[in-house]
Participant: 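Before we start, here is the structure in question, set down as C-alpha cells.
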Amino acid sequence: PASIEHTIQWARDKFENSFTQKPNMFDRFWQVNQSPESVLKLLKDNTVPENSLPSIRLLCGRPRSWSQCVTQARVKFEKLFNHRAKDLLHTFPLDTKMKDGTLFWQSPKRPPTPLTFDANNALHFQFIKTHACLKANVCGIAVTSADLEQDTLCSLLSAVKVPEFIPSGKKVETDEKASAPTQDAADDDVVEKCVAKFSSFLQTAAVTPDMLRMHPEAFEKDDDSNNHIDFITATSNLRAEVYSI
C-alpha cells in the first residue's frame, strides 16, 4: 500500500470477506448439505462438494463463547499485523536486490514493520474489541456490556496463547509476466488434512442446527453502534502503521 486510500480499501475487503462473504457461503453450503456426517462420507469417497473445505474450516473453528471471540481477534491481530510483515521480510530482507541489481525495497514499495500488540494502545484495543463483537454477531453469541469493559477484555487477552511466527515458505513471484502457479499438487494433501480434522471434530462435538447457521453482516456506515466503521478504521490505521503511511 502506498496511501491511506489503499489501506481503507484493504480493511473494507477484510470486513466483507470475514463477516459477509464467508458467512453467506457457509449458510448456503449447509442449506444444501444439511448433514455434516454425509459431507464427511463424500470427502472420504474422494468427492469434494463445492466450498466444502472452507465451510468445514469455519465450522470447526467456530467460536462458542465471548472469550473464544476475543481469542480469535487477538490471533487475527498477530497474523495480520505481525506475522505477515515478518514473513514478507523473511522472504525479502531489507537488502534484497532484483536481477538488475536494484534494491527490492525502494519506492513505491514500502518495507513493513511488524507491530507488537499492546492492550494499552487504543488502536490495538479497538481492533480486538470490534473484531470480537463482529465475530460474536456472526456466530449468534450474546455480548453484554460487562463483556466489553476494558478490564474484562484485558483479563481475557492475558490468557491468550498467541502462535509463534513460523515462516510460511511460500514462493512470492516478483515477475509480473510470470504465469500463476497451479495448486493441483497440494489439493489431495489439503483434503486429507481437512478430513482428519473434521472427523476428529465430529467425534468430540455435537453439531446442532444452530451451529450450521451464521448471521452475515451487511455493511452499514451510518450506524455508529454496529462496529462496522470502528473496525475498518482500526484495521486501516494499523495497516498504515505497518507500512509507515
Side-chain angles (χ1 to χ4, degrees), residues 11-80 127-144 147-148 153 156 159-161 163 183 186-220 223 225-228 231-232 235:
R12 184 77 170 79
D13 291 344
K14 290 299 175 189
F15 176 95
E16 285 292 331
N17 181 261
S18 296
F19 307 119
T20 304
Q21 294 171 359
K22 284 183 177 179
N24 274 322
M25 175 209 66
F26 181 90
D27 281 352
R28 288 194 299 268
F29 179 82
W30 292 112
Q31 285 168 5
V32 174
N33 306 276
Q34 298 181 2
S35 166
E37 290 76 15
S38 65
V39 172
L40 179 61
K41 185 177 186 303
L42 286 172
L43 292 173
K44 287 182 175 180
D45 292 339
N46 297 317
T47 299
V48 184
E50 184 180 7
N51 291 325
S52 56
L53 302 189
S55 296
I56 288 170
R57 292 190 195 102
L58 284 172
L59 177 60
C60 293
R62 180 178 184 141
R64 302 187 202 179
S65 66
W66 172 241
S67 64
Q68 290 178 350
C69 292
V70 174
T71 294
Q72 290 191 8
R74 174 65 185 89
V75 172
K76 180 65 73 173
F77 178 99
E78 202 72 8
K79 177 182 177 181
L80 293 180
F127 175 86
I128 298 295
K129 184 177 179 179
T130 56
H131 188 288
C133 282
L134 289 167
K135 176 65 77 170
N137 290 346
V138 166
C139 294
I141 297 170
V143 181
T144 67
D147 290 330
L148 299 175
L153 284 168
L156 293 173
V160 176
K161 294 182 178 179
Q183 298 180 341
D187 284 352
D188 289 343
D189 185 50
V190 170
V191 171
E192 186 177 334
K193 289 180 179 178
C194 187
V195 167
K197 183 176 181 180
F198 194 30
S199 179
S200 176
F201 175 79
L202 292 179
Q203 290 174 10
T204 58
V207 179
T208 64
D210 284 347
M211 291 176 65
L212 301 179
R213 174 85 169 88
M214 286 189 174
H215 309 276
E217 292 280 317
F219 180 69
E220 174 51 67
D223 182 354
S225 67
N226 63 13
N227 293 298
H228 295 186
F231 170 81
I232 288 172
T235 305

Participant: Under 3.5 Å, side chain of Asp27 to main-chain N/O of Met214, donor-acceptor pair present?
Facilitator: yes
Participant: Test side-chain contact (heavy atoms from CB on, under 4.5 Å) on Leu148 and Cys133 and set out the steps.
Facilitator: CA-CA 9 Å; Leu148 299 175; Cys133 282; 3.4 Å; yes
Participant: What pairs with Phe198 under ring-ring contact (aromatic ring centres under 6.0 Å, His included), at least two apart in sequence or on another chain?
Facilitator: none
Participant: If you round to the nearest 0.5 Å, how far is SG of Cys194 from CG of Asp189?
Facilitator: 11.5 Å
Participant: Do Phe201 and Ile56 have side chains that approach each other closer than 4.5 Å (heavy atoms only, starting at C-beta)?
Facilitator: no
Participant: Strictly distance-based, threshold 3.5 Å: is any side-chain N or O of Asn17 a donor or acceptor partner for the main-chain N or O of Lys14?
Facilitator: no
Participant: In the structure I gave you, are the side-chain heavy atoms of Val191 and Ser52 within less than 4.5 Å of one another anywhere?
Facilitator: no
Participant: Report, as yes or no, whether the 6.0 Å neighbourhood of atom CD on Glu192 holds more than 12 heavy atoms from other residues, nucleotides or ligands.
Facilitator: no
Participant: State whether the number of non-hydrogen atoms from other residues, nucleotides or ligands found under 6.0 Å of Glu50 atom CD is greater than 12.
Facilitator: no
Participant: Looking only at heavy atoms, what is the nearest atom pair of Cys69 and Lys135, with distance?
Facilitator: SG-CG, 4.0 Å
Participant: Taking the six-membered ring for Trp, are Phe77 and Phe127 parallel (under 30°), tilted (30 to 60°) or perpendicular (over 60°)?
Facilitator: perpendicular
Participant: Sequence neighbours excluded and cut-off under 3.5 Å, please list the side-chain donor-acceptor pairs for residues 38-48, or say none.
Facilitator:
from	atom 1	to	atom 2	distance (Å)
Ser38	OG	Ser35	O	2.6
Lys41	NZ	Asp45	OD2	3.1

Participant: Where does the angle between the aromatic ring planes of Phe231 and Phe15 fall among parallel (under 30°), tilted (30 to 60°) and perpendicular (over 60°)?
Facilitator: tilted
Participant: Check for a donor-acceptor pair, side chain of Asn51 on one end and backbone N or O of Met25 on the other, with a separation under 3.5 Å.
Facilitator: no
Participant: Looking only at atom types and distance, does a side-chain atom of Thr71 sit under 3.5 Å from a main-chain N or O of Ser67, one as donor and one as acceptor?
Facilitator: yes
Participant: Looking at Thr20 and Glu217, would you say the former's side chain and the latter's main chain have a donor-acceptor pair under 3.5 Å?
Facilitator: yes
Participant: Are the side chain of Arg62 and the backbone of Met211 linked by a donor-acceptor contact shorter than 3.5 Å?
Facilitator: yes
Participant: What heavy-atom pair brings His215 and Asn137 nearest, and what distance separates the two atoms?
Facilitator: CB-O, 3.7 Å
Participant: Can you measure from CZ (Arg213) to CD (Gln31) and round to the nearest 0.5 angstrom?
Facilitator: 7.0 Å
Participant: In Å and rounded to the nearest 0.5 Å, what is the NZ to CG distance from Lys193 to Leu53?
Facilitator: 12.5 Å
Participant: Nearest heavy-atom pair of Arg64 and Ile141: which atoms, and what distance?
Facilitator: C-CD1, 3.8 Å
Participant: State whether the side chain of Gln72 and the backbone N or O of Gly61 hold a donor-acceptor pair below 3.5 Å, judged by distance alone.
Facilitator: yes
Participant: Using every non-hydrogen atom in the two residues, find where Gln34 and Leu212 come nearest and quote the distance to one decimal.
Facilitator: O-CD1, 3.6 Å
Participant: Hey, are the side chains of Phe26 and Leu59 touching, using non-hydrogen atoms and a 4.5 Å cut-off?
Facilitator: yes
Participant: Would you call His228 and Leu134 a side-chain contact if the rule is heavy atoms closer than 4.5 Å?
Facilitator: yes
Participant: Which pair of non-hydrogen atoms, one from Ala73 and one from Ala132, has the smallest distance, and what is that distance?
Facilitator: CB-N, 4.0 Å
Participant: How far apart are the closest heavy atoms of Lys22 and Leu58, and which atoms are they?
Facilitator: O-CD1, 3.8 Å
Participant: Is a donor on one side and an acceptor on the other found under 3.5 Å between the side chain of Asn33 and the backbone of Phe29?
Facilitator: yes
